Amino acid sequence: MNKRKPTIIEQKVTDNSAVLTLKVDADIVDFQGHFTSFPLLPGVTQIDWAVYYGKTLLNTPAKFAGMEVIKFQEPILPDGIVKLTLDWSAEKGKLHFSYSSANDGEPEGVTHSSGRIKLVTA
């Protein structure tokens, strides 16, 4: 059976932020059909996971109201290990997200994607 969410390796949650280490398992259904010869995690899936974990871990509102400064810089590949960082600003109604991973050639690591998602109560 195909999976829809990654495996959580580690998570740290505070009042307004969360950091999750995720294994982006190759059997996640979203990889299917997203480039047969070079599968990568679709941007819409990355945004969906940010909203899902924001709601689940930080009690953010669930209603999507737009996005700002969305950047997809490096692909997330099957079986990759990534860090999802979420910061919730209740007064602005914005969830900042970033996906990153360690890279031997880059002391700061690699940013895969980042942006802000506007969330409001229904």
Side-chain angles (χ1 to χ4, degrees):
M1 183 156 119
N2 291 320
K3 295 172 56 172
R4 299 205 61 75
K5 298 283 186 260
T7 300
I8 298 173
I9 297 171
E10 181 180 5
Q11 73 179 35
K12 297 175 185 171
V13 181
T14 63
D15 289 343
N16 296 317
S17 66
V19 178
L20 293 93
T21 303
L22 307 171
K23 180 172 187 264
V24 186
D25 305 287
D27 63 349
I28 291 173
V29 70
D30 298 55
F31 282 119
Q32 294 178 6
H34 205 68
F35 307 124
T36 307
S37 61
F38 188 74
L40 54 92
L41 191 67
V44 68
T45 301
Q46 296 174 50
I47 292 166
D48 176 65
W49 289 355
V51 171
Y52 173 81
Y53 290 116
K55 180 182 175 203
T56 303
L57 301 174
L58 304 176
N59 288 324
T60 65
K63 187 173 180 189
F64 178 84
M67 297 183 292
E68 300 174 345
V69 198
I70 303 297
K71 296 180 184 177
F72 297 100
Q73 297 162 288
E74 293 291 329
I76 297 175
L77 305 176
D79 289 325
I81 304 293
V82 297
K83 180 172 68 171
L84 170 58
T85 302
L86 300 171
D87 291 300
W88 170 241
S89 173
E91 59 276 356
K92 294 180 181 178
K94 293 180 184 176
L95 178 67
H96 179 269
F97 75 92
S98 69
Y99 289 88
S100 61
S101 61
N103 184 335
D104 293 335
E106 303 280 334
E108 307 269 322
V110 172
T111 299
H112 296 280
S113 61
S114 63
R116 290 187 300 266
I117 303 166
K118 177 80 173 158
L119 299 170
V120 296
T121 52

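Keep in mind that this is a model prediction, so the values were computed, not measured. Basis for what follows: all heavy atoms, side chains included, without hydrogens, waters or symmetry-related copies.
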Apply the side-chain contact (heavy atoms from CB on, under 4.5 Å) test between W49 and each candidate in V51, T45, I47; give the one that qualifies. T45
Separation of K94 NZ from T60 OG1 (nearest 0.5 Å): 15.0 Å
Looking at K55, I want to see if its NZ is surrounded by more than 12 non-hydrogen atoms of other residues, nucleotides or ligands under 6.0 Å. no
Examine distances only and state if a side-chain atom of H112 and a backbone atom of S100 form a donor-acceptor pair shorter than 3.5 Å. no
Report all side-chain donor-acceptor pairs from residues 77-90 shorter than 3.5 Å, counting only partners two or more places apart or in another chain.
{"from": "D79", "atom 1": "OD1", "to": "K23", "atom 2": "NZ", "distance (Å)": "3.1"}
{"from": "D79", "atom 1": "OD1", "to": "A26", "atom 2": "N", "distance (Å)": "3.1"}
{"from": "S89", "atom 1": "OG", "to": "E91", "atom 2": "OE2", "distance (Å)": "3.1"}

Cluster check I8, L58: I/L/V/M/F/W/Y, side chain < 4.5 angstrom: yes
Verify the cluster assignment for F97 and L57: are they in a single hydrophobic cluster under the rule of side-chain heavy atoms below 4.5 Å apart? yes
Could you state the interatomic distance from CD (E74) to OG1 (T111), rounded to the nearest 0.5 Å? 9.0 Å
Intermediate values then yes/no, side chain to side chain contact (heavy atoms under 4.5 Å, CB included), F72 and Q46: CA-CA 10 Å; F72 297 100; Q46 296 174 50; 4.0 Å; yes
For a quick test of reading the model, state the closest non-hydrogen atom pair linking R116 to V69 and the distance between them. NH2-CG2, 3.1 Å
Is there a path of hydrophobic side-chain contacts, each under 4.5 Å between heavy atoms, that joins V13 and I9? no
At what distance, to the nearest 0.5 angstrom, does CD1 of I28 lie from CZ of R4? 10.0 Å
Closest heavy-atom contact between P6 and Y53? CD-OH, 3.6 Å
Rounded at 0.5 Å granularity, tell me how far CZ in F64 sits from CG in L95. 11.0 Å
Quick one: does D25's side chain have a donor or acceptor within less than 3.5 Å of a partner on T7's backbone? yes
With the 4.5 Å side-chain cut-off for hydrophobic clustering, are M67 and L119 part of the same group? yes
Scanning both residues in full, the closest heavy-atom pair of Y99 with A50 reads OH-N, 3.7 Å
